[in-house]
Protein chains: 2
Amino acid sequence: MVTIIDVARAAGVSPSTVSYVLSGKRSISAETRRQVEQSIRRLGYHPNAGARALASSKTNVLALVIPLRTDLNVPVVMEFVAAVTTEARRHDHDVLLVTKDEGPGGLKRVAGSAIADALIVMDVESADPRVPMLLALDRPAVLIGVPGHATGLSCVDLDFAAAGAAAVRHLADQGHRSVGLVGPSPAVYERGTSFADRFRRGFTETADAHGVRHWARPCGHSYEAAQACLAELFEADPGLTGLVVQNEAVLGPVLSDLRHRGKRVPEDVSVVAICPDSMAENHALPLTTVSIPTDEIGALAVEMTIRQLAGETTPETRLLSPRLTPRASTAAAR
Amino acid sequence: MVTIIDVARAAGVSPSTVSYVLSGKRSISAETRRQVEQSIRRLGYHPNAGARALASSKTNVLALVIPLRTDLNVPVVMEFVAAVTTEARRHDHDVLLVTKDEGPGGLKRVAGSAIADALIVMDVESADPRVPMLLALDRPAVLIGVPGHATGLSCVDLDFAAAGAAAVRHLADQGHRSVGLVGPSPAVYERGTSFADRFRRGFTETADAHGVRHWARPCGHSYEAAQACLAELFEADPGLTGLVVQNEAVLGPVLSDLRHRGKRVPEDVSVVAICPDSMAENHALPLTTVSIPTDEIGALAVEMTIRQLAGETTPETRLLSPRLTPRASTAAAR
DNA sequence: ATGAAAGCGCTAACAC
DNA sequence: GTGTTAGCGCTTTCAT
């Protein structure tokens with residue numbers, strides 16, 4: 001193994017000089033820098049992460065806590081993971097994966113063993129035991145999603161209330177007078193994952209404000225669940241002409257069940273999907289969406305984490321404004 | 001921060017004794033162990049990962065290299081990530097994420113900085129520049145998937161040739177005389193990701209062996225691509241009655257396009273899907289599958305890695321036997 | 001602008 | 001069965 005001492009010897013300088021060339025924390029003569037950099041390259045030197053962490057108390061690693069459940073949209077989770085990892089590298093950090101099923105203990109383990117400098121936590125629930133743990137840990141931390149009530153932790157998320165509102169407004173503007181929401185699975189509501197409630201609130205309030213009749217139903221991830229959900233919605237109002245689907249996993253089933261019912265999209269029913277844009281364009285019919293900007297959210301989470309690591313201390317909650325992209329699945333009500 | 005010295009003092013023993021209690025590397029009297037364990041708990045001690053890594057040259061971290069591309073099945077990738085992470089924890093290891101786009105340099109960085117003890121690499125291509133790098137690195141490494149030709153690296157994967165064979169055999173046994181393969185996207189074939197070729201070979205050879213006519217086509221991830229793919233297949237043989245879909249992303253589109261063509265499943269066309277079981281059961285029609293056992297593959301990859309870390313040195317390639325589960329999407333040919 | 005040296009917290013000989 | 005101690009490779013004062 002090549003150490004900093006090998007490099008120092010080869011360059012004819014002291015180890016500390018090599019360290020300073022690497023960190024840029026003090027000025028180095030051009031000639032020395034050249035020598036050192038050349039030796040580093042020639043020897044193929046890489047600073048030892050453990051030694052560095054021990055000496056500096058910084059690992060340059062961010063822990064990312066991901067949900068394992070399948071009642072969430074797996075591809076969406078994967079997009080977050082990719083976005084966070086990519087952005088972390090951009091800031092010279094690595095990402096350590098922690099699974100949600102480790103619970104608060106997992107966070108404690110990571111913080112206690114100083115294996116990561118900060119934590120990014122996904123899929124936070126309303127009374128999530130990890131929130132008090134994060135507070136107690138007193139490490140830089142950012143939540144992707146927001147817990148039920150303010151906690152003093154930094155959060156990033158799509159403004160789901162505004163997203164729900166945008167979806168309904170789009171339909172209302174097109175003359176729809178009765179709309180249905182195909183929501184996330186019941187389990188998501190039950191454990192109080194707030195994005196579901198926030199979205200439904202935006203949906204409901206905006207529909208009320210526009211005098212639009214509205215029904216909201218959770219929906220499991222199977223075809224049968226989607227079928228049952230639509231059955232309920234159309235039973236509640238056979239005249240329903242607008243559908244908002246906040247459950248990307250059943251987009252396919254919803255669209256085919258509509259077909260079975262003899263409802264054409266968008267002639268008979270307009271459909272707005274809430275999902276990443278990448279998932280809206282590969283359907284038989286390109287879907288009007290309120291997009292979930294996973295890249296932006298992931299990148300922002302990392303930026304906020306890095307800023308906390310740099311000393312910024314006041315927690316902030318950033319809710320990104322939704323963007324609705326009209327495509328072929330919505331049209332004016334007849 | 002609580003250090004091993006604090007624990008030692010509290011327990012009235014030396015630091016090394018605490019270390020040995022933790023590692024179990026020498027015998028400790030019951031009483032001493034009790035004292036130490038109690039102090040550890042009382043003080044909330046966690047060994048510092050950096051210090052440990054520095055002193056022992058072991059990080060207890062596995063690097064997992066994941067593809068970011070979307071021409072692979074994202075949910076499948078996510079399942080691997082989850083399986084690897086879960087199994088790693090079972091062996092007291094953590095997982096560090098590295099993205100494929102870092103290329104060979106990423107592997108070098110991870111190995112060079114000793115930030116992980118071993119590497120697990122997904123989505124290996126036929127002339128993958130990461131293979132020679134892995135060989136040069138001389139660290140424990142396991143590939144999920146197999147490169148074009150033997151490399152001296154350990155590999156785990158589904159036996160895709162056998163999977164292709166099983167799918168065709170199932171159809172042939174039901175009396176189908178002409179079958180089509182909806183394959184992964186062209187890009188997957190182009191970069192020589194071998195699972196696609198191995199599957200197609202199993203498909204082709206088995207069809208030949210059974211005297212079954214066969215056509216294979218790659219298929220992009222959009223609805224249009226699926227439509228075009230089926231158009232080509234049915235143009236090649238309008239009498240086609242068996243379809244093998246090795247592209248989970250277009251399962252929905254394929255099924256709806258079949259409907260548009262007036263082909264009922266399974267009355268007119270039988271469909272076998274290659275995908276994780278979790279993805280086969282949520283369709284309008286439960287699908288006959290050859291399942292991709294992501295959990296097993298991921299867990300096995302970790303086990304093989306851990307075994308290498310324990311000193312096992314001979315590389316091995318493990319191809320898991322496919323399992324076909326008949327469901328409602330296949331039936332006897334009329 | 002550079003060097004010397006004291007740790008960072010732990011493991012693993014080496015003692016007894 | 002337990003204690004002592006020399007590093008592991010780096011960062012960062014403190015000197016000059």
Side-chain angles (χ1 to χ4, degrees), chain A residues 1-37 39-40 43-61 92 94 109-117 309, chain B residues 1-37 39-40 43-61 92 94 109-117 309:
Chain A
M1 169 176 224
V2 185
T3 75
I4 202 171
I5 295 185
D6 300 325
V7 175
R9 200 164 10 230
V13 299
S14 76
S16 61
T17 297
V18 176
S19 176
Y20 283 118
V21 166
L22 252 22
S23 70
K25 288 189 181 172
R26 76 180 184 192
S27 42
I28 301 283
S29 75
E31 174 55 11
T32 303
R33 152 164 290 119
R34 218 185 46 67
Q35 287 289 337
V36 169
E37 280 168 351
S39 303
I40 287 176
L43 299 178
Y45 169 71
H46 284 269
N48 180 287
R52 214 168 217 194
L54 183 54
S56 68
S57 304
K58 298 195 334 162
T59 61
N60 273 32
V61 170
D92 193 31
D94 272 295
R109 183 177 69 80
V110 167
S113 62
I115 198 176
D117 299 327
L309 284 170
Chain B
M1 170 178 224
V2 185
T3 75
I4 202 171
I5 296 185
D6 299 324
V7 175
R9 198 161 15 225
V13 300
S14 77
S16 62
T17 296
V18 177
S19 175
Y20 284 118
V21 167
L22 252 22
S23 70
K25 287 189 181 170
R26 77 180 183 193
S27 44
I28 301 283
S29 75
E31 173 56 11
T32 302
R33 153 165 289 118
R34 220 186 43 68
Q35 287 290 337
V36 170
E37 280 167 350
S39 302
I40 288 177
L43 299 178
Y45 168 71
H46 285 268
N48 179 289
R52 214 170 216 190
L54 183 55
S56 69
S57 306
K58 298 193 336 159
T59 62
N60 274 34
V61 170
D92 194 31
D94 273 295
R109 182 177 69 80
V110 167
S113 63
I115 198 175
D117 299 328
L309 284 171

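Quick note on labels: first sequence line is chain A, next is B, and so on, each numbered from 1. Computed from heavy atoms alone, side chains included, the values below leave out hydrogens, waters and symmetry copies.
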Within the distance-only criterion (no hydrogens, no angle test), does the side chain of B/Asp92 pair as donor or acceptor with the backbone N or O of B/Asn60 below 3.5 angstrom? no
Please list, chain by chain and in numerical order, all residues satisfying salt bridge (charged side-chain N to carboxylate O under 4.0 Å, His left out) with A/Arg9, sequence neighbours excluded.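 A/Arg9: salt bridge (charged side-chain N to carboxylate O under 4.0 Å, His left out) contacts with A/Asp6.
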Any residue meeting salt bridge (charged side-chain N to carboxylate O under 4.0 Å, His left out) with B/Arg109, in chain and number order, not counting sequence neighbours: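 Applying salt bridge (charged side-chain N to carboxylate O under 4.0 Å, His left out) to B/Arg109 gives A/Asp94, B/Glu102.
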Work out how much the helix from C/dA1-D/dT16 to C/dC16-D/dG1 bends between its end axes, five pairs an end, to the nearest 10 degrees.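 That helix has its two terminal axes inclined by roughly 30°.
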Is there side-chain contact between B/Ile115 and A/Val61, with at least one heavy-atom pair below 4.5 Å?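 Contact flag for B/Ile115/A/Val61 side chains = yes.
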Sugar-phosphate, base or nothing in reach of A/Ser19, heavy atoms under 4.0 Å: base
What is the nucleic acid contact for B/Thr32, judged by heavy atoms within less than 4.0 Å: base, sugar-phosphate only, or nothing? sugar-phosphate
For atom [atom1] of [X] and atom [atom2] of [N], their distance in whole Å:
X        : N      : atom1 : atom2 : value
A/Ile4   : D/dC8  : CD1   : P     : 14 Å
A/Lys58  : D/dT11 : NZ    : P     : 10 Å
A/Asn48  : D/dG7  : CG    : P     : 18 Å
A/Leu43  : D/dG9  : CG    : C1'   : 15 Å
B/Ile115 : D/dG9  : CD1   : P     : 17 Å
A/Arg9   : D/dG9  : CZ    : P     : 12 Å
A/Lys25  : D/dT12 : NZ    : P     : 4 Å

Return yes if a side-chain donor-acceptor contact under 3.5 Å exists between A/Ser14 and A/Thr17, otherwise no.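 Result is yes, a qualifying pair exists.
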Applied to residues 47-59 of chain A, the side-chain hydrogen bond (donor to acceptor under 3.5 Å, both in side chains) test, sequence neighbours excluded, yields A/Thr59-A/Asp117
Got a list of protein N/O to nucleotides 13-16 of chain D N/O distances below 3.5 Å?
none

5'-most to 3'-most nt of DNA chain C touching chain A (<4.0 Å, heavy-atom partner on protein side) reads C/dA1 to C/dG9
Restricting to non-hydrogen atoms, name the atom on B/Pro15 and the atom on B/Ile5 that form the minimum distance, rounded to 0.1 Å. CG-CG1, 4.3 Å
Taking only the side-chain nitrogens and oxygens of B/Ser29, find out if one of them lies under 4.0 Å from OP1 or OP2 of D/dT2.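 Result: yes.
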